[in-house]
S.K.: 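Handing you this structure, nothing more for now.
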Amino acid sequence: MNKEKTTSGSEIHKQKKDSIPTGDSQRATSGELHQMAGGEHQTLTTNQGVAISDNQNSLRANLRGPTLLEDFILREKITHFDHERIPERIVHARGTGAHGFFELTASLKNYTTAIILTEVGEKTPVFTRISTVAGGAGSVDTPRDVRGFAVKFYTKEGNWDLVGNNIPVFFIQDAIKFPDLIHAVKMEPDRGFPQSASGHDTFWDFISLTPESMHMVMWIMSDRTLPRSLRMIEGFGVHSFRLINNSGQSTFVKFHWRPKLGLQSTIWDETVKICGADQDFHRRDMFEAITAGNFPEWEFAVQLFTQEEADRFPFDHLDATKLIPEELVPLKVIGRMVLDRWPNNFFAETEQVAYCPANVVPGIDFSNDPLLQGRLFSYLDTQLSRLGSSNSHQIPINAPKCPFSNQQRDGHMQMEQPTGRVAYEPNSLSGNSPRESSALSFHSAAVAEIGEKGRIRAESFSDHYSQARQFYLSQTSYEQAHIASALVFELSKVEHPHIREAMVGHLRHIDEDFANRVATGLAFDKIPDAPEVAVPVQEMKPSPALQIIGKMKDTLMGRVIGILIASGSDGAVIEKIKKAATNAGATVKIVAPKVGSAKLANGMLLAVDGQLAGTPSVLFDAVAIILSDEGAKALSMESAAIDFVRDAYGHLKAIAFDKGAQALIKIANVTQDAGVVDTNNIDAFITAAKIRQWDREKSVRTLA
Ligand code: HDD
């Protein structure tokens, strides 16, 4: 005891200057750090505003003694920390958000009174969150999964939330099935895996017993669920909504987002490897694009149709498993959205933002889609447990930017201080308290509803295969092969043979050849029986608008080209490729065995963006390999370098190489084709870099 006292008394004070972590010494250290960071600093305080002298040491009874309960600074800090997490979203937990604006370019004033859809040139602030569905908040960015596409428009008439997906249809027709669908796709309850993957028994069991999901299955097995970038996905409001005009007339509407950069996806093997190379691939891409001023942009388009037109569709537009082909009701582009500001704080904005399909503004109304009707309830309800208060609309990211006022009071975390004695309406005691007003307010469409109530479903909801077939037949042969192979992959993960068989049975109604391809991929010796159908499958005209390849843009905008170099590489060639790629809109990154810089043949140092082992070619859209003979020789022994080339080839990317790099190209088993280009022909490389070399695929993998 005495000994310790002596130490703490005199010796420690001597040591302090040599940076023993006591309060005083740390203050000196942190002071220096602050100076290094530059600038004046506020005093660190408790949440009560009391200045803190030492943020490194808790209050102790003596030098090596117990910590005192009295230490309110420690208790406050730890207590706050213990409660930092809020429940993550039950679905769409992993998301990336950004601020921006919506600008109307064509008025819908004949159809709606909503100012946001009638005042051309008006810029409305938005907050957009794009998410995966199945994984938790800390899961990876690139599983095979639907992407949520939620936009909050802070309009002059209140918040309008368009809470959609990157796929225009959904798995189920009625909201009552949603908890089952989600329980089936999420990790299995007894084992706690898989995290964010649909390739497991419970998901396919549910799907195989839910024929209405077959159209959506075609979409999720397509490369739409493997986006290259969140900036390169489409968005859909999915359901039919209504627009209501000045005369109270209503028109049905479907909402679409179309990316300025065009559609672009990865391929399965590539996406699996991206997942290992960069779990935050999509979030990082969005962050880097916005902070570099390359603002993601989408066109906003509508499909408008009347009840009479809807009555003639060969499907029911109230059924969320159906889409309206663009060829049947063309898209009318009416605006654009630009995301131009990264949030200040991830938690405060991206995590706390609360979307709700029931948030509409005057002039917009709901349809009777039973999936939408259930959603109208679910979102506000989920916010109560997620954000913990009926006042979550007061959180800045959720609050309308127009005035809002009513007689709702109190509740957890009330931030407002309403004055006066009146908290009800109508009242005669307050001259200026808020009153209802008919003009400019929200009115529901005046729709007559007749019929008997019951747990029933319209006959028009019973065709589950026609649009699935239309989707499949609308794809290019490359995309069809990817869909069939995705099914083989997913069903190969399923342990129960009867589930695999049931699934292939469904596929027979979509296309016999397709079912056979999947059956062969699963090594079936005979094709399973198809289930009975409620109504015959209809033959629908193929819709090329359903392809990804058809919607890719001939551009390098938003794309990244990786140049693999080593000591002794030719600086002039590197420069030429860099210039051509950046002129075409691409970003260029230099990869080398060591980060920092590499010494080129001319003795100059070139800054390196990524170290080879941590920067595989899956992170790029096309690659160039520029090496000296010695560089190629050294890299020929590096599996990361061989994989760099081999993967770029296997993922159907353009590869440029100079003379020195030939040795590495050879070791990686690359065969010459239109996408493998000598650096003497940089134009050919730039052209090839804009597309995937689809024809190469049959020589690099066996597809179903
Ligand atoms: Fe949902 C979140 C999209 C059907 C219940 N949904 C959520 C998000 C998106 C969608 C993008 C994330 C919003 C964000 O970024 O915070 N959901 C859809 C689409 C659907 C759909 C396009 C079908 C067309 N959802 C759906 C049904 C129900 C829900 C049928 C329930 C009956 N969805 C929820 C939820 C979530 C949610 C549980 C979780 C977190 C949240 O709401 O705020 O209420």
Side-chain angles (χ1 to χ4, degrees), residues 86-99 126-137 145-153 159-186 210 212-213 215-216 219-220 224-225 230 233-241 254-257 282-283 286 317-323 339 343 346-359 366-367 369-389 392-393 395 397-398:
I86 60 173
E88 64 177 33
R89 291 164 174 83
I90 167 71
V91 281
H92 299 266
R94 169 89 186 166
T96 292
H99 294 272
V126 298
F127 188 79
T128 296
R129 183 173 179 276
I130 303 181
S131 45
T132 53
V133 178
D145 200 355
V146 182
R147 298 302 185 283
F149 197 115
V151 181
K152 189 180 283 292
F153 301 82
N159 285 354
W160 173 32
D161 293 355
L162 186 57
V163 195
N165 279 341
N166 73 329
I167 290 179
V169 291
F170 202 64
F171 293 94
I172 47 172
Q173 298 173 321
D174 190 315
I176 200 165
K177 302 182 183 200
F178 189 69
D180 298 297
L181 165 73
I182 299 306
H183 290 170
V185 71
K186 285 236 171 201
T210 311
E212 71 205 51
S213 65
H215 187 194
M216 182 71 169
W219 283 81
I220 59 169
R224 295 250 178 183
T225 45
L230 302 179
I233 60 171
E234 293 186 319
F236 302 90
V238 182
H239 315 280
S240 296
F241 288 83
K254 291 242 188 204
F255 296 107
H256 298 246
W257 296 106
H282 284 150
R283 189 177 287 175
M286 194 76 135
H317 74 104
L318 296 181
D319 169 358
T321 69
K322 305 294 181 300
L323 54 81
L339 299 181
F346 183 86
F347 180 84
E349 298 167 277
T350 308
E351 192 58 18
Q352 292 199 109
V353 65
Y355 295 93
C356 177
N359 291 349
F366 315 112
S367 70
D369 176 339
L371 193 72
L372 172 62
Q373 295 277 320
R375 293 181 72 197
L376 300 180
F377 163 72
S378 181
Y379 289 66
L380 188 56
D381 186 48
T382 209
Q383 311 312 347
L384 289 175
S385 68
R386 199 168 71 78
L387 297 170
S389 159
S392 61
H393 61 281
I395 298 173
I397 194 69
N398 293 325

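When a ligand or atom number is given, it counts from 1 through the structure's own listing order.
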S.K.: Considering only heavy atoms, which of N165, T382, D369 lies nearest to atom 22 (C) of ligand 1?
M.R.: N165
S.K.: Using a 4.0 Å cut-off to any heavy atom of F170, which atoms of ligand 1 qualify?
M.R.: 4 (C), 20 (C), 23 (C), 24 (C)
S.K.: Look at atom 13 (C) of ligand 1 and say which protein heavy atom is nearest, naming residue and atom and giving the distance to 0.1 Å.
M.R.: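 Looking at atom 13 (C) of ligand 1, the protein heavy atom closest to it is Y355 CD1, 3.8 Å.
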S.K.: Heavy atoms, side chains only, cut-off 4.5 Å: are T225 and I167 in contact?
M.R.: yes
S.K.: In Å and rounded to the nearest 0.5 Å, what is the OG1 to CZ distance from T382 to R89?
M.R.: 9.5 Å
S.K.: Of all residues at least two apart in sequence or in a different chain, which pass the salt bridge (charged side-chain N to carboxylate O under 4.0 Å, His left out) check with R224?
M.R.: E234
S.K.: Please check if the number of heavy atoms outside I176 that lie under 6.0 Å from its CD1 is greater than 12.
M.R.: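 No.
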S.K.: Please report whether ligand 1 has a polar contact with R89, defined as an N or O pair separated by less than 3.5 Å (distance criterion only).
M.R.: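 Yes, at least one N or O pair falls under 3.5 Å.
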S.K.: Can you check whether C356's main-chain N or O pairs, donor with acceptor, with D161's side chain at less than 3.5 Å?
M.R.: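 At least one qualifying donor-acceptor pair exists.
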S.K.: What protein heavy atom sits nearest atom 38 (C) of ligand 1, and how far away is it?
M.R.: I90 CG2, 3.4 Å
S.K.: Taking R147 for its side chain and D145 for its backbone only, find out whether a donor-acceptor pair lies under 3.5 Å.
M.R.: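 Side chain of R147 to backbone of D145: a pair is present.
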S.K.: Assess Q383 for proximity to ligand 1: is some non-hydrogen atom of it under 4.0 Å away?
M.R.: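 It does; at least one heavy atom falls under 4.0 Å.
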S.K.: Mind checking whether G164 has a heavy atom under 4.0 Å from ligand 1?
M.R.: yes
S.K.: Hey, is F149 touching ligand 1 through its side chain, its backbone, both or neither, going by heavy atoms under 4.0 Å?
M.R.: backbone
S.K.: Below 4.0 angstrom from a heavy atom of H239, which ligand 1 atoms are there? Numbered from 1 as shown, please.
M.R.: 24 (C)
S.K.: If you round to the nearest 0.5 Å, how far is CG of D369 from NZ of K322?
M.R.: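 The NZ atom of K322 sits 11.0 Å away from the CG atom of D369.
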S.K.: At a 4.0 Å threshold, what atoms of ligand 1 neighbour a non-hydrogen atom of L371?
M.R.: 23 (C), 24 (C), 30 (C)
S.K.: What's the spacing between T96 OG1 and H282 NE2 if we round to 0.5 Å?
M.R.: 9.5 Å
S.K.: Of the protein's non-hydrogen atoms, which lies at the shortest distance from atom 14 (C) of ligand 1, and what is that distance?
M.R.: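 For this ligand atom, the closest protein heavy atom is R129 NH1, 3.2 Å.
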S.K.: Please report the closest heavy-atom contact between A175 and G374, naming both atoms and the distance.
M.R.: CB-CA, 3.4 Å
S.K.: Centre of F236's six-membered ring, under 6.0 Å away, within 45 degrees of the axis: is that where NZ or CZ of K254 sits?
M.R.: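 No cation-pi geometry.
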S.K.: Under 2.8 Å from atom 1 (Fe) of ligand 1, how many protein N/O/S atoms do you get? Just the number, please.
M.R.: 1
S.K.: Assign the ring pair F149 / W257 to parallel, tilted or perpendicular, where the plane angle (0 to 90°) is split at 30° and 60°.
M.R.: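 Because their plane-to-plane angle is under 30°, the rings of F149 and W257 count as parallel.
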